[in-house]
S.K.: 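Here it is, the structure in full.
Both ligands and their constituent atoms are indexed starting at 1 by order of listing.
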Amino acid sequence: MMIKKLGISSTWTVEDSSKLYQIEGWGEPYFSINADGHVTVSPQGDRGNSLDLYELVNDLQKQNIRFPVLIRFSDILADRLQRLNACFKTAINHYNYPNYYQGVYPIKCNQNRQIVESIVSQGKPYNFGLESGSKPELMIALATLDPYANSSENLPLIICNGYKDSTYIKTALLATRLGYQLIIVIEQLEDLYLTVKIGQELGIEPNLGIRVKLSSKGSGRWGNSTGDRAKFGLAIPQILTVIQYLKQKNSLHYLQLLHFHIGSQISSISVIKDAIREASQIYVQLAKVNPNMKYLDVGGGLGVDYDGSKTNFYASKNYNMQNYANDIVAEVKEVCEEANINAPILISESGRAITAHHSVVIFNVLHTNNVSTILPPLRGEQENLIIRNLWETYESINPNNYQEMYHDAIQFKEEAISLFNFGYLSLEERAKAEQLYWVCCQKIHEIVQHQDYVPDDLEELKKIMASIYYTNLSIFRSAPDSWAIDQLFPIMPIHRLNEEPTQRATLADLTCDSDGKIDQFIDLRNTKSVLELHPLQPLEMKTHNSLFGLNSSQNNIRLKTPYYLGMFLVGAYQEIMGNFHNLFGNLNRVDIIMNSKGYEIEHFVQGDTIAHVLNYVQYDANELIETIRQRTQQSVEAGKLTQEKSKELWRNYKKNLDSYTYLG
Ligand SMILES: *Cc1c(COP(=O)(O)O)cnc(C)c1O
């Protein structure tokens, strides 16, 4: 005898939600759930005040800020930066490391002016610098870092990585005269020849670094940032060429830094350790021939636990920031001690770990499409055999035969479609067949949900039965990595968390692209194909039974209260890599900063208007308006449009151009 679990339990608590969405795993110490069932944000971690994210969203709505909105918490950014520096400090003290740590922020991770400026100003106590990977990023670095702002002897660093031409090198070399501690990293031999030549012409001695291709295997998505076929860096024989060349020119002292980068989001600490060990050995060998060596730059790769599982799964990492700092400090110290070489100043280039947590995208659900609300058709008198078969299947489903019945239902539905294609079924009959198929699936799904063991061939049913939640968002704009490389971001409702989420759903975005969806979600083990969500609360339940008993839930319904979802940890890479697919533009953005009374909006940056995105593709708003004016005029003259309607159309067209690209 099967004991039926009740669909909705009144005993659902916020703790259940907390467990379900893993918020402690990925959100600590910044995100949690309060007693009202709302997500709360503690931008200063465990130190400062917290705010109710749902209330903040309601405040924004009252101020007429349209959704989707990107919310940035400047205090989280500052907290991440402080943590990184504190972890290295702790490790250096703990291991008695005889030198110090001096990090740089890789600008490519998020080039937004407010972010780079905030990192530079918050980073002053740590002499935190910037890393540029391109000419435009170098322009940012030179203008943002102030070489005279620091009173201490150790200036913040500018590390110049990436491909370089002579203008890049010339600018970088001249800028050293502005007082910067600037290091040009040789990624190819060409960089070396060019830099030495331009340096001679300008009479400026360059500070050089070399990027080495380690043989230690990277791992995960960016695993091939290293190894023999890597796009970047010098192999050991090329490094020897660099040394010989510099020696010949009596310039070996230019070389001060060894750099490596084994890829982003390294999920396993053992991979990091192997790389550090190999790089440390190379460092001591270089230091033996060149006493001017003084920096070891370990690149990026410090991971973010997107799924909160604390494992070496690609969306997670099996170490924390302190473990990372400890392992770097301990390995380098040991190798240098053994070789009797002075330990280097340690540099890291962590981008993801500094920026990911500080942004969240809040978006609303527009409507849902739910096959579990389809009702059985009305019974007819003399029905086609195939319809009768489906009725019979539907009626005989029970816990002992559901697997067999599932296959029958699929087969009958397919037969019904071929009969239709050969002209033997009417449109009404085909509709009935489809409805019956869906109600069979519902009944079987209901049984399956209460079974401990689900046969493999029924796993698919879970996906088929999932609702589709249509969201006011473009994945391509706001979470490009979710589309491009199956990156997982934690997604959850920001309210109603004291209510059981009874729906199982995938998310669809606004674009007309079948890839514009999310159907992989974080889970404790691996991923899950559906996300638990709450049913929408329509203003009025439209219960009109249409001819075929189809529930009207796929119609646009007005919601009593909007249903808001948050996509978290999107501060790294997503903004700049997002694209304009279907011309959905940049989001409205609010930067929140905490104060003694609560919070304040530090900046509001308006998202793109339609006129703005059209401009990217060379349409001029004024020209468009003029064309439409002429068109309406012609239609009025042809008697197809009244003067009044023509004005309305023209006004509407103009209003659209000034509006947000998302749905209102
Ligand atoms: C992208 C990049 C980084 C940043 O890596 P994260 O994993 O985001 O910390 C650092 N250094 C170099 C050379 C890079 O290309």
Side-chain angles (χ1 to χ4, degrees), residues 77 80-81 83-85 87-88 101-112 115-116 119 123 128-138 140-141 157-164 183-188 191 209-214 218-226 230-234 257-269 271-272 275-276 279 295-306 314-317 319-321 324-325 328 346-359 480-481 485 487 489 569-577:
L77 190 65
R80 298 299 295 170
L81 187 67
R83 261 167 217 268
L84 180 67
N85 283 286
C87 285
F88 271 99
Y101 166 77
Q102 196 180 356
V104 292
Y105 169 67
I107 298 174
K108 81 159 189 280
C109 189
N110 194 325
Q111 300 93 335
N112 204 289
I115 293 172
V116 181
I119 288 173
F128 216 74
L130 294 171
E131 184 263 0
S132 92
S134 65
K135 246 193 273 189
E137 288 178 359
L138 177 65
I140 293 177
L157 290 156
I158 294 180
I159 306 278
C160 299
N161 288 325
Y163 294 102
K164 303 165 192 78
I183 297 175
I184 296 175
V185 177
I186 310 293
E187 303 231 18
Q188 345 241 346
D191 293 346
I210 30 180
R211 176 165 180 172
V212 59
K213 257 184 212 178
L214 295 182
S219 72
R221 181 64 59 183
W222 294 274
N224 52 11
S225 302
T226 180
K231 175 172 153 190
F232 312 98
L234 302 179
L257 174 144
L258 178 69
H259 171 235
F260 70 92
H261 173 69
I262 54 171
S264 201
Q265 185 62 15
I266 306 293
S267 48
S268 165
I269 188 77
V271 171
I272 293 171
I276 301 284
Y295 299 105
L296 177 61
D297 177 351
V298 302
L302 175 53
V304 165
D305 195 357
Y306 290 96
Y314 69 92
S316 185
K317 60 184 171 99
Y319 59 93
N320 63 26
M321 211 184 241
Y324 175 79
I328 291 171
L346 294 171
I347 301 172
S348 79
E349 305 174 344
S350 287
R352 186 184 296 275
I354 290 178
T355 57
H357 293 76
H358 93 290
S359 305
D481 277 348
I485 56 168
Q487 154 120 43
F489 295 100
L569 313 189
V570 291
Y573 300 110
Q574 302 317 293
E575 277 166 76
I576 206 64
M577 296 209 299

S.K.: Using side-chain heavy atoms (C-beta onward) and a distance below 4.5 Å, is E349 in contact with I159?
M.R.: yes
S.K.: Within a distance under 4.0 Å of any heavy atom of S350, pick out the atoms of ligand 1 and give their elements.
M.R.: 9 (O)
S.K.: Would you mind running through ligand 1 and noting each atom that sits below 4.0 Å from a heavy atom of K108?
M.R.: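 By the 4.0 Å cutoff, the relevant atoms are 1 (C), 2 (C), 3 (C), 14 (C), 15 (O).
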S.K.: Check ligand 1 against Y573 and write out every atom of the ligand that is under 4.0 Å from a heavy-atom position of the residue.
M.R.: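 Answer, ordered by atom number: 1 (C), 4 (C), 5 (O), 6 (P), 8 (O).
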S.K.: Number the atoms of ligand 1 from 1 as they appear, then name those within less than 4.0 Å of a heavy atom of G351, with their elements.
M.R.: 6 (P), 8 (O), 9 (O)
S.K.: Taking only residues two or more places apart in sequence or in another chain, which ones pass ring-ring contact (aromatic ring centres under 6.0 Å, His included) with H357?
M.R.: Y30
S.K.: Need the ligand 1 atom indices (1-based, order shown) with element for anything under 4.0 Å from a heavy-atom of E349.
M.R.: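 Numbered from 1, ligand 1 contributes 3 (C), 4 (C), 5 (O), 9 (O), 10 (C), 11 (N), 12 (C), 13 (C).
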S.K.: Only heavy atoms of G301, strictly under 4.0 Å: list the atoms of ligand 1 that pass.
M.R.: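 This gives 5 (O), 6 (P), 7 (O), 9 (O) as the contact atoms.
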S.K.: Could you label the plane-to-plane angle of the Y163 and F232 rings as parallel, tilted or perpendicular, counting under 30° as parallel and over 60° as perpendicular?
M.R.: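 Judged by the thresholds at 30° and 60°, the geometry between Y163 and F232 is tilted.
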S.K.: My understanding is that only residues two or more places apart in sequence, or in another chain, count here; which of them pass side chain to side chain contact (heavy atoms under 4.5 Å, CB included) with A141?
M.R.: I107, L130, I158
S.K.: Quick one: are L258 and I210 in side-chain contact, heavy atoms under 4.5 Å?
M.R.: yes
S.K.: Against heavy atoms of N161, which atoms of ligand 1 measure under 4.0 Å?
M.R.: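 Taking each heavy atom of N161 in turn, ligand 1 has 13 (C) under 4.0 Å.
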S.K.: Which residue supplies the protein heavy atom nearest to atom 7 (O) of ligand 1, what is that atom called, and how far is it?
M.R.: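 Checking every protein heavy atom, the shortest distance to atom 7 (O) of ligand 1 gives S264 OG, 2.5 Å.
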S.K.: Find all atoms of ligand 1 within a distance of less than 4.0 Å from any non-hydrogen atom belonging to R352, and give their numbers and elements.
M.R.: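 Counting from 1, the qualifying ligand atoms are 6 (P), 8 (O), 9 (O).
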S.K.: Hey, does K317 have a side-chain heavy atom less than 4.5 Å from the side chain of I266?
M.R.: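 They are not in contact (no side-chain heavy atoms under 4.5 Å apart), so the answer is no.
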S.K.: Check the side chains of T355 and Y105 for a donor-acceptor pair under 3.5 angstrom, ignoring hydrogens and angles.
M.R.: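 No - no donor-acceptor pair under 3.5 Å links their side chains.
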S.K.: Measuring from non-hydrogen atoms of P106 to any atom of ligand 1, is the shortest distance under 4.0 Å?
M.R.: yes
